[in-house]
Amino acid sequence: MKKYFKKAFLNQQIASDICIEIENGNIVSISNEVPELLTEQKDGILIPGATDIHCHGGGGYYFSNPDISNIRKALTAHQNTGTSRLIASLVTEPISDLKNQILRLKSLVHSGEILGIHLEGPYLAESRCGAHDPTLLRDPLISELKELIDISENTIKMVTIAPERNGAIEAIKYLTDNSIVAAIGHSDATQSQTKDAINAGAKVFTHFYNGAPKFENWSDLTPASIASEGLKDERVFIEFINDGVHLNDEIINNINRIATNRLLVITDAMAAAAGEDGEYLIGKLPVQVKEGIATLKSNGSLAGSTLTTAKSILRLLNIYKFDLNTVLNYSNYYPSSVLGIEPLELKVGAQLKDFRILTSNYQEIINI
């Protein structure tokens, strides 16, 4: 089967008149020749789908759900809304519960349905716990990390740690030495503690500016903190939740100015993403979702987002007027680089299911 696209993102630029031949879902040839008889013609721009390295669920379900069919429903919800590949993130739970969740998810990594597992806890700071149960937070132990990694059969790909916790720097070094991404966040770490964490190998800032101290002055990033040090250090990639709730326009524009080569589009999506408003749980904490905004019922704190990567990408293009190449760096090339995997690129051997159509007016991202 041949498919013709008026425009496609090819070799990191927009190319015109692209004809792709497909066999069994795989791209077997790419040419600029417009066939006389078109089997199918697609308007808009063919782009790679997003790689989301921080996502907890969607379509009404969490990746911690005990029923693997419900986990697949969450995956489908994001695959239908701009995401081609993702890391399944887990929130703070008792270690015994986390083990069971890891055991379920690792089969989806082995089958290629997800890229890996992200532990966003329990090694976070109580002062910046957000939607994580503060009574379950704890210091990281190498022995415990090793046990979790072993039962995951090396499918754990990222762990978030607050640098000020006892044993944090040693844990970050251990993760880095074992080719697992160490992320920093949910933290009140000092500038010095943050430097120690980055020097030990930490290379991602978990949902920047959420669960972290705020700046008084963006011109010199003061006062000094984990936020200022993480944003300034060129070794650190910066996750950001672009839903219009977690970060305002000033913050988006400032982090784009300061860390333009290191930003990562993430959703931090909870179960209601691509789903319905209503009542949910994060771990065992009750959450209310109203008009797409998820908050803890206990104190009103933000409890993840209902964002999809399609919404984030369209906001960057339409509201902030970022160019398409920059946006696709943030949603595909840089997240892939963090994980040490190949980015999604239009080439022979690629799977067509990993690409989406961005309408020419930048109003919608749809599956092919």
Side-chain angles (χ1 to χ4, degrees), residues 50 52-65 70 73-78 80-83 86 88-92 118 120-121 124 127-134 160 185-186 205-214 227 238-256 263-320 330-331 363-365:
D52 187 357
I53 69 168
H54 189 159
C55 179
H56 295 276
Y61 300 98
Y62 283 106
F63 294 132
S64 58
N65 194 280
N70 289 334
K73 290 174 185 176
L75 281 173
T76 298
H78 284 285
N80 289 337
T81 52
T83 298
L86 61 76
S89 300
L90 298 175
V91 300
T92 298
H118 164 217
E120 193 193 4
L124 313 176
S127 61
R128 297 286 178 177
C129 62
H132 294 256
D133 186 339
T160 298
H186 283 281
F205 199 121
T206 292
H207 50 51
F208 179 79
Y209 223 52
N210 299 119
K214 306 300 186 268
I238 305 296
E239 293 182 354
F240 69 111
I241 307 171
N242 177 32
D243 60 355
V245 177
H246 284 77
L247 302 174
N248 63 31
D249 293 355
E250 178 189 18
I251 296 170
I252 295 287
N253 285 316
N254 273 313
I255 63 174
N256 182 62
L263 294 188
L264 306 172
V265 164
I266 62 154
T267 60
D268 191 20
M270 50 84 70
E276 303 293 333
D277 283 0
E279 295 188 357
Y280 295 84
L281 293 173
I282 287 186
K284 300 196 171 43
L285 302 180
V287 174
Q288 177 72 44
V289 179
K290 185 176 181 180
E291 296 181 354
I293 300 174
T295 55
L296 289 181
K297 293 183 74 172
S298 60
N299 60 16
S301 295
L302 288 172
S305 85
T306 61
L307 186 64
T308 65
T309 54
K311 288 179 182 177
S312 183
I313 288 168
L314 294 175
R315 283 176 54 83
L316 293 176
L317 292 169
N318 291 302
I319 296 176
Y320 301 104
Y330 295 169
S331 65
Q363 292 304 301
E364 193 175 5
I365 293 174

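Starting from 1, each residue takes its place in the sequence as its number.
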Reported CG-to-NE2 distance for the pair N210 and H186, which is rounded to 0.5 angstrom: 8.5 Å
Flag side-chain contact, heavy atom, 4.5 Å: K284 against D133: no
Option among T309, T83, T267, T308 that satisfies the side chain to side chain donor-acceptor pair (under 3.5 Å) test with D52: T267
Side-chain (N242) to main-chain (S312) donor-acceptor, under 3.5 angstrom: yes
Exercise: identify the closest heavy-atom pair between V287 and M270: CG1-CE, 4.0 Å
H54 ring center near H207 ring center (under 6.0 Å): yes
Student check: side-chain heavy atoms of P213 and R128 closer than 4.5 Å: yes
pair I293-T306: side-chain heavy atoms closer than 4.5 Å: no
Pairwise side-chain contact, I266 with F240, heavy-atom cut-off 4.5 Å (strictly under): no
K214 side chain to Y209 backbone, donor-acceptor under 3.5 Å: yes
Point-to-point distance, once rounded to the nearest 0.5 Å, from CG of L307 to CD1 of I241: 8.0 Å
Side chains of I282 and Y62 in contact at under 4.5 Å (non-hydrogen atoms): yes
Residues, nucleotides or ligands: over 12 heavy atoms within 6.0 Å of E276 CD: no
Gap separating the OG1 atom of T206 from the CD atom of E239, nearest 0.5 angstrom: 4.5 Å
Close side-chain approach of T295 and L302, heavy atoms under 4.5 Å: yes
D277 side chain to E291 backbone, donor-acceptor under 3.5 Å: yes
Exam field: side chain S89 to backbone C55, donor-acceptor pair closer than 3.5 Å: yes
Distance-minimising heavy-atom pair for A273 and S305: CB-O, 4.5 Å
Whether H78 and F63 hold their rings parallel, tilted or perpendicular, with breakpoints at 30° and 60°: tilted
Side chain to side chain, Y320 and D249, heavy atoms closer than 4.5 Å: yes
Rounded distance [0.5 Å steps], CG in L296 versus CG in L281: 10.5 Å
Student check: side-chain heavy atoms of D268 and E120 closer than 4.5 Å: yes
